[in-house]
Amino acid sequence: MERKAEVKTFFEKTDIYFNFDYNIKIRTETVAELLGEAHYNNVLDMPCGNGYISLKNSDQFNQLSLVDFSENMIGLAKEIAAKENAQNVSFTCGDIFDTKFENEAFDLIISLGILAHIDDVDKFLTYIQSKVKKGGRIIIQNTNSDHFYSTLIRLYLGVRKLFGKDKYKLNKVPASTVESSFKKAGFTCEKVFRYNQSFIGFSKLFSNDKKYSLTRKWFGYVGKNKNASLGSDYTYLFKKD
Ligand SMILES: C[S@@+](CC[C@H](N)C(=O)[O-])C[C@H]1O[C@@H](n2cnc3c(N)ncnc32)[C@H](O)[C@@H]1O
């Protein structure tokens, strides 16, 4: 199967992804902390997954566009939007690069959990950088492939692969690739929050509540990021100068 089709097949099984749901809570709160009190007019969340992260923060947005190529994820996003009574939300089920917002630029783009999965990382970064207005912001997450914690996870996944238990290969994206791409495109990094997701394979040892409280205990919050150098997972707030 072509890699992109494998990625889609994986994310159509939404229950597997949401086994990590404490991490959705951390991401939702991280986005809220990065936004602070600011309000944004036109906001894009791409890829949105089940949309929870941006829908929970949508009081601060006038319009929110949600994009993902998984039909099941978009189905969940519609349910969550209805439950949250979110206003002015639009949904697009389609590939990131086929979804052309030709005449549209955004005040804020939220893009979490995509760089390890997308076919062409540079093309994706250039695309979102071009779709944000001058003075606008991008919140983007990346798992730094150069970090020791990522090396440990790759070793573990390598062993799993020997037993035939693996999905497609995740992209290796160093933090330096993301940071230099945004710098070159004329963005300033305003904030970054770093933490670790629970170790794949051991994640079932603890409940989601426990994993959440341990993460907060170890890494704190955006305003007070403890042990940041131990965190392989970076969530950045970039501003287009
Ligand atoms: C790790 S999840 C992240 C979802 C959400 N942003 C979050 O942080 O929970 C990755 C999402 O990217 C979507 N995705 C991956 N490649 C895509 C593509 N080429 N076009 C559109 N969506 C894509 C998947 O369907 C999946 O919902």
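Counting starts at 1 for both ligands and their atoms, in listed order. Heavy-atom basis, side chains included; hydrogens, waters and symmetry copies ignored.
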Exercise for the section: Please work out which of the three classes, parallel, tilted or perpendicular, describes the rings of F182 and F238, given edges at 30° and 60°. Expected result: parallel
Exercise for the section: Evaluate the salt bridge (Lys or Arg N to Asp or Glu O under 4.0 Å) criterion for residues D241 and K134: first the C-alpha distance (whole Å), next the side-chain angles of each, then the deciding distance (0.1 Å), finally the verdict. Expected result: CA-CA 6 Å; D241 300 325; K134 210 168 167 4; over 6 Å; no
Practice task
Say whether, by atom type as modelled, one donor and one acceptor occur between the side chain of Q60 and the main chain of A38 under 3.5 angstrom.
Solution key: yes
Exercise for the section: Evaluate whether atom NZ of K172 has more than 12 neighbouring non-hydrogen atoms of other residues, nucleotides or ligands under 6.0 angstrom away. Expected result: no
Practice task
For N72 and E12, indicate whether the former's side chain and the latter's backbone hold a donor-acceptor pair under 3.5 Å.
Solution key: yes
Exercise for the section: For the residue pair Y149 and N196, confirm or rule out a side-chain donor-acceptor distance under 3.5 Å. Expected result: no
Handout entry: Residue shell around ligand 1, heavy atom under 4.0 angstrom
Key = V7, F11, Y17, I24, R27, P47, C48, G49, I53, D68, F69, S70, M73, G94, D95, I96, L112, G113, I114, H117, I118
